[in-house]
Amino acid sequence: MNALDPETQRSELEAIAPELLERKEAKVSELPPLPGAEEGKVVLRLAPYPSGPLHIGNARAFLLNDEYAKRYRGRLILAFDDTIGSEAKPILPEAYDQIREGLDWAGIDVHDVVYKSDRIPLHYEWAEKLIATGNTYVCECPPERLQALRREKKACEHRLQEADESFAMWRAMLDGQYREGDAVLRLRTDIAHPNPAFRDRVLFRIAEREHPRVGTKYRVWPLLEFSWAVDDHLLGITHVIRGKDLVIEDMMEEAIWDTLRIERRPHFIHFGILRFKDVDLSKSQIRVGIAEGRLTGIDDPRAWTLQSLRRRGIRPPALRSFVLSFGLSLTDVEVPVESLYSENRKLIDKDANRYFFVPEPVTIEIQGLPHVGPLRVPLHPDFPGRGERILPVAEKVHVPREDYEKLRGKEVRLKDFCNVVLDRRAKFLSMENRDIPKIQWVAHGPNGHVVMPGGSESRGIAEPAVASLKVDDIVQFERFGFSRIDRVTKSEVHAYFAHR
RNA sequence: GCUCCCGUAGUCUAGCCCGGUCAAGGAUAGAGGCCUUUCGAGCCUCGGACGCGGGUUCGAAUCCCGCCGGGAGCACCA
């Protein structure tokens, strides 16, 4: 059969068992092709602003870009979008490395790294080309006046400037004759444009703040639209895949290219807004939370950074298939994180060995327990060949408080051990496996601390075998959930909870 | 308010461009069953959707119009 070519195999199979074919075709749907994309010639970019580490909400942007770069064997440029920013969103020097660390973990192939803050002279050069076209002007209106006039579709007196006058004022901006806020360079688009956001947008402004990489070398900084109009062209970007909150930036880039008569332009592709149920995402909140001590660090599970996902034992491919499953849809989506967990569960279930962890232990004493030696239990019920762990037995054992309270007085089975009537003094019933509620238990073992997604810590006792686990091991604490081992000594184990 | 975008089951998504093969596929969540010394995994079964109203057409989830609903943008942030 295998000697036949695939076509023949297929038609043979179709005749014998057509239902097998149908199943094969029901695989995951692929992302749509990129318009005008040629194998080997696609150049994409990632443009993070270094105000903090990447979090799960940023994942759509970098995973889509990476996925397409891989698919077309193209190049992906990491371009730190580190223009001066705003006072509300300062650049964090350590964020550069945190972002790279996150991308690295997520399996993003970065082919080149550039910094916007290194390219300011280029932007000046192109600004002057743009000024020479006569389609810009230096505006001295204070921000409130600028906005008010924009709302009323009215031009200010600066709009009448000739190119050489603009040029002189632009030099004055660069030379420090204007203070922060006193002058901006604006593009003359259409002061009555139906979209108020598009009326003579600002291209450059003055910021006297110090930049973490280039200090006070520059005082005139480009805004995102202008810097990208220049850099998308210069870097030879073929496709810009960005969120739909940035659509107006497309229009601005187009307008700048039009006036500059630039022909080589990328395609713009957008995706909808991604939100998570019951999860608040904000880089600045992460920063504030850490500063105020409410979060333990950038990998605090409440921060939802890539670092925090790593620490919990979320695997990068799970994140990828989860995020890519939303495709390129323009629809705004709000998804439960459970979908991510289910994706991760598929990946880790077969690897995660099983152990007992008893949170909030209650001690019970088994009355009438016959003599039994230590129990040998498989590390994984589906793979008996993988090995066994040894569970010491005693008359006094610990069980989870929650189960104790719920099942007190009832017949329960201490899993892999024996059946009792659950109470402080528990009556031994039998050894045989019966179909009654089963709970985990522990005679003695290391203290366990499991950091939960909400930031709290679940404390209890783990079985002895847990003390010989290694950092980064992902285990399933039976009936408790999957967790990643974070730190372990003979007497203590610290873990991070992944999900059930 | 203005500009743009979106509307398939609880949630996410395929299909929509090029109308019939869609009595709408998949995933996840849910219900039930089997298996299993976990409330995990696996296997099987079930319920569940084309926002509304018109129009075009032999035929519309797919095309057209209107309405309704949701979102984003309207920064000298990115």
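In what follows, every chain begins at residue 1, and chains take the letters A, B, ... in the order their sequences are listed. This is a predicted model, so every value here is computed, not measured.
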Between the protein and nucleotides 1-3 of chain B, are there any N/O to N/O pairs under 3.5 Å, and if so, what are the atom names and distances?
{"residue": "B:C2", "atom": "O2'", "partner": "A:Pro194", "partner atom": "O", "Å": "2.8"}
{"residue": "B:U3", "atom": "O2'", "partner": "A:Asn195", "partner atom": "ND2", "Å": "3.3"}

Restricting to nitrogen or oxygen on both sides, can you table the protein-nucleotides 49-51 of chain B pairs closer than 3.5 Å?
none

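Annotation: side chain to side chain contact (heavy atoms under 4.5 Å, CB included) contacts of A:Glu210 (sequence neighbours excluded): A:Thr216. Not counting sequence neighbours, the partners of A:Asp182 by the side chain to side chain contact (heavy atoms under 4.5 Å, CB included) test are A:Tyr178, A:Arg179. Remark: A:Asp258 engages A:Arg265 in a salt bridge (Lys or Arg N to Asp or Glu O under 4.0 Å) (not counting sequence neighbours). In this structure A:Phe482 satisfies the ring pair (Phe, Tyr, Trp, His ring centres under 6.0 Å) test together with A:His499, sequence neighbours excluded. In this structure, the side chain to side chain contact (heavy atoms under 4.5 Å, CB included) partners of A:Glu360, at least two apart in sequence or on a different chain, are A:Arg401.
For residues 327-340 of chain A, proximity to RNA chain B is found at A:Ser329, A:Leu330, A:Thr331, A:Asp332, A:Val333, A:Glu334, A:Val335, A:Pro336, defined as any non-hydrogen atom under 4.0 angstrom from a strand atom. A heavy atom lying under 4.0 Å from RNA chain B marks the following residues of residues 167-185 of chain A, by number: A:Gly181, A:Val184. Looking at residues 84-99 of chain A, you'll see A:Gly85, A:Ser86, A:Lys89 sit with a heavy atom under 4.0 Å from some atom of RNA chain B.
Within the structure, salt bridge (Lys or Arg N to Asp or Glu O under 4.0 Å) contacts touching residues 329-349 of chain A (residues at least two apart or in different chains) are A:Lys244-A:Asp332, A:Lys277-A:Glu334, A:Glu343-A:Lys346, A:Asp349-A:Arg354.
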Query - Canonical and wobble pairing (Watson-Crick, G-U, under 3.5 Å) of RNA chain B, dot-bracket with | - result: (((((((..((((......[....)))).(((((.......)))))....(((((..]....))))))))))))....
